[in-house]
Chemist: 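Please find one structure pasted underneath; my questions will follow.
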There are 2 protein chains.
Amino acid sequence: MTNGANLNRARSQKSQVSILEIAQAAGVSPATVSRVFNRPALVREETRERVLAIVAEHGFRPNRLGSSLRSGNTRTLGLVLPTLSNPVFADCFEGAEARAAESGYSIMTTVTHYDPGLEAAAVHRLIDHRLEGLILTVANPNNSPILKTLKKRGMPYVLAYNESSSHPCAAVDNRRAAADMVTHLARLGHRQIAFLSGPLALSDRARSRLAGARQQGRALGLPPVSHLVTPSHTQPDRAALRRLMAASNRPSALFCSNDMLATAVIGELKALGLCVPADMSVAGFDGIRYGAYMSPSLASVEAQGYEIGRTACSLLLVQIDNGVSRSGQVPYRLIDGGSAAAKRS
Amino acid sequence: MTNGANLNRARSQKSQVSILEIAQAAGVSPATVSRVFNRPALVREETRERVLAIVAEHGFRPNRLGSSLRSGNTRTLGLVLPTLSNPVFADCFEGAEARAAESGYSIMTTVTHYDPGLEAAAVHRLIDHRLEGLILTVANPNNSPILKTLKKRGMPYVLAYNESSSHPCAAVDNRRAAADMVTHLARLGHRQIAFLSGPLALSDRARSRLAGARQQGRALGLPPVSHLVTPSHTQPDRAALRRLMAASNRPSALFCSNDMLATAVIGELKALGLCVPADMSVAGFDGIRYGAYMSPSLASVEAQGYEIGRTACSLLLVQIDNGVSRSGQVPYRLIDGGSAAAKRS
DNA sequence: TTGAAAGCGCTAACAT
DNA sequence: ATGTTAGCGCTTTCAA
């Protein structure tokens with residue numbers, strides 16, 4: 001450990017070219033070198049070129065730490081997501097990162113695995129790096145200690161996927177989207193529809209989608225949409241699923257709160273010897289690309305993660321720049337996949 | 001913009017509790033407060049508690065920028081991957097992040113979309129943040145300007161997925177794994193095997209896998225394994241695929257360099273009216289979880305991304321600590337999926 | 001066990 | 001158009 005520290009010091013001494021050495025070599029003041037990087041227009045072209053020549057010669061790059069400490073901006077954003085294993089969040093990362101890079105920002109990412117305890121620790125680890133803002137998906141925006149902390153610290157943030165009227169966010173209209181899916185299932189002749197999800201306390205998206213599904217069920221005069229809670233957000237509870245299938249008023253369509261769950265449900269149903277969609281229609285939510293390659297292809301609601309990430313990042317950058325915090329709604333689209341088909345008697 | 005800058009200043013003034021204010025409030029020197037955070041054992045318990053009380057009262061967290069600038073360590077690692085849309089890389093992120101968090105490190109991630117031009121720019125954006133080390137997947141480690149830069153700067157790094165004898169890396173043995181898949185296909189009765197991939201120049205994994213496949217083909221006395229190059233690493237070239245299928249010595253098995261490509265190939269074959277595996281066996285590489293849910297399930301080689309990420313991060317942390325750079329091999333496992341079945345005549 | 005003082009690399013006022 | 005100076009928040013000798 002001591003040894004390691006020594007090595008580190010040795011290493012960093014090598015790269016001890018600071019703005020000062022560049023200034024001396026170019027025969028100018030450090031301030032001028034700084035200007036060359038930050039306000040090149042203020043420097044006479046000749047001087048600028050002389051400085052840049054020296055800079056190139058040394059392979060010099062200004063140390064952001066010094067700059068950040070002095071000027072207060074780190075050009076770094078934080079991204080806090082439940083997981084990247086779910087492609088919809090991976091896409092969100094890509095959208096956010098692409099937008100951030102366009103404005104010269106880098107992104108520090110962390111995942112919470114839907115664990116509110118981890119959420120807090122992870123966010124603190126990020127905040128300590130003095131990020132300029134945060135994009136995050138929380139369990140529940142109405143009761144999130146983290147959001148309170150951020151507000152108190154005056155740290156700009158935008159929610160992604162979470163919908164909220166009291167916080168800036170980038171999301172799809174989950175209620176309406178879920179309602180549309182129910183309408184779709186009803187058109188296919190389904191009346192007994194069950195909604196499957198993980199614990200609602202850990203995902204307000206699941207809650208909104210369930211609410212939208214139930215509301216639309218009522219509006220269409222269907223029997224109440226039942227709700228099956230599985231411990232995990234991505235894996236169905238085998239026993240519960242079996243009970244559901246054995247019930248007398250067994251549903252003819254399962255609407256799953258996300259595509260990973262829907263995919264796993266289809267797998268389980270097959271394992272139970274049932275055929276999708278002949279014995280049971282299944283629909284998901286998110287529109288992950290793999291859904292299209294499955295057979296039958298997955299019926300779902302496409303909520304483009306890339307656009308959510310990109311929008312959230314744009315909103316965040318505006319907020320950092322102006323202090324104006326707005327929300328944005330991202331469009332969705334029903335995917336008419338083969339996993340949800342006309343009901344057979 | 002000016003307005004925005006003012007707002008920013010107003011915001012940051014609020015959080016102007018520095019170690020100095022804490023020191024004054026606790027009646028100690030700033031050095032002591034610093035010790036409470038970094039070497040608590042050196043501080044008398046009573047003093048420590050007094051300081052911690054004040055710290056808690058103010059919700060104070062030390063500014064890492066100051067600390068990093070002074071001490072030289074940012075507790076931040078960089079991660080450079082081709083894309084996170086491919087679940088195998090998303091898993092890699094999760095493995096690396098989990099390991100990093102265990103040691104108090106945060107991760108800055110960027111994606112290159114297999115574009116060597118982007119690669120360089122992205123890495124420079126990261127380096128400027130004075131990361132302590134980098135985990136990266138490059139197009140070709142033997143001829144990568146970035147790796148040269150890193151070496152020159154003395155920045156610790158570990159390759160993920162890339163195999164190399166001259167750079168530290170965490171990867172599976174791609175040649176052997178591909179050879180094993182060819183053996184598997186041969187056992188199923190296939191003799192004419194084609195290998196599909198994107199441009200080899202952009203992925204040394206594809207190159208190693210092709211080499212392993214060809215070598216094993218020869219060893220088993222099969223006809224030469226042909227190679228079909230598609231412009232994208234994840235999407236097959238429809239026309240080329242059609243030509244391949246129409247050829248007189250048409251292969252009976254397609255070995256794709258990764259699962260995303262394999263998935264898309266299966267989709268295309270279906271679109272051509274062909275049945276997998278009856279008309280054509282298809283195998284992939286990576287072992288993404290969705291493969292198990294497809295029907296037929298995807299034959300593949302599982303190379304756990306999570307483990308690759310985790311291993312790479314462990315190796316990197318050792319390197320940062322000791323200066324000792326080692327490589328690690330991650331095990332793989334053949335997945336006997338239904339998409340590759342016994343050859344029918 | 002604690003404090004005083006210097007300075008990490010940079011930029012922003014202010015001065016010229 | 002450029003230089004001078006001070007200091008961002010912290011840690012690290014060195015001294016007491």
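Because only heavy atoms are used, hydrogens play no part in the values below, and waters and symmetry mates are left out as well, while side chains stay in. Labels below follow one simple rule: chain letters A, B, ... track the order of the sequence lines, proteins then strands, and each chain is numbered from 1.
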Chemist: With the threshold set at under 4.0 Å for non-hydrogen atoms, list the residues of residues 20-38 of chain A touching DNA chain D in residue-number order.
Modeler: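 Those residues are Gly27(A), Val28(A), Ser29(A), Ala31(A), Thr32(A), Arg35(A).
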Chemist: With sequence neighbours left out, what residues match Asn73(A) under side chain to side chain contact (heavy atoms under 4.5 Å, CB included)?
Modeler: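 Checked Asn73(A) against side chain to side chain contact (heavy atoms under 4.5 Å, CB included); matches are Ser71(A), Glu132(A).
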Chemist: What does the inter-axis angle of the helix from dT1(C)-dA16(D) to dT16(C)-dA1(D) come out as, five pairs per end, nearest 10 degrees?
Modeler: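 The helix from dT1(C)-dA16(D) to dT16(C)-dA1(D) shows an end-to-end axis angle of 30°.
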Chemist: Quick check: does any side chain N or O of Gln24(A) sit under 3.5 Å from a backbone N or O of Glu21(A), one acting as donor and the other as acceptor?
Modeler: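 A pair under 3.5 Å: no.
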Chemist: In the structure I gave you, are the side-chain heavy atoms of Val28(B) and Thr47(B) within less than 4.5 Å of one another anywhere?
Modeler: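 Yes; the side chains approach each other to less than 4.5 Å.
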Chemist: Side-chain N or O of Thr47(A) versus OP1/OP2 of dA1(D): is the shortest distance under 4.0 Å?
Modeler: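 Answer no for this pair, as no side-chain N or O of Thr47(A) is under 4.0 Å from OP1 or OP2.
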Chemist: Of the residues in residues 48-71 of chain A, which ones touch DNA chain D at a heavy-atom distance under 4.0 Å?
Modeler: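 Under 4.0 Å from DNA chain D: Leu69(A), Arg70(A).
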Chemist: Scan side-chain atoms only and decide if Arg153(A) and Thr149(A) contain a donor-acceptor pair under the 3.5 Å cut-off.
Modeler: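 There is no such pair between these side chains.
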Chemist: Less than 4.0 angstrom from a charged side-chain N to a carboxylate O is my criterion; do Asp128(A) and Arg64(B) meet it?
Modeler: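 Salt bridge absent between Asp128(A) and Arg64(B).
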Chemist: Calculate the interatomic distance between Leu42(A) atom CG and dA12(C) atom P; express it in whole Å.
Modeler: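 It works out to 11 Å between those atoms.
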Chemist: Taking only residues two or more places apart in sequence or in another chain, which ones pass salt bridge (Lys or Arg N to Asp or Glu O under 4.0 Å) with Arg326(B)?
Modeler: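 Arg326(B): no salt bridge (Lys or Arg N to Asp or Glu O under 4.0 Å) contacts found.
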Chemist: Find the distance between CD1 (Ile320(B)) and CE (Met155(B)) and round it off to the nearest 0.5 Å.
Modeler: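 Between Ile320(B) CD1 and Met155(B) CE, I get 9.0 Å after rounding to 0.5 Å.
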Chemist: Any side-chain heavy-atom pair from Leu136(A) and Leu150(A) closer than 4.5 angstrom?
Modeler: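 In short, these two side chains touch, coming nearer than 4.5 Å.
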Chemist: In whole Å, what is the span from the CD1 atom of Ile19(B) to the P atom of dA4(C)?
Modeler: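 Distance, rounded to whole Å: 14 Å.
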Chemist: How would you list, by chain and number, every residue that makes a salt bridge (Lys or Arg N to Asp or Glu O under 4.0 Å) with Arg310(A), sequence neighbours excluded?
Modeler: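 Scan of Arg310(A) (salt bridge (Lys or Arg N to Asp or Glu O under 4.0 Å), adjacent residues dropped) gives Glu102(A).
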Chemist: Distance alone, cut at 3.5 Å: any donor-acceptor contact between the side chains of Asn162(A) and Asp204(A)?
Modeler: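 Side chains of Asn162(A) and Asp204(A): pair found under 3.5 Å.
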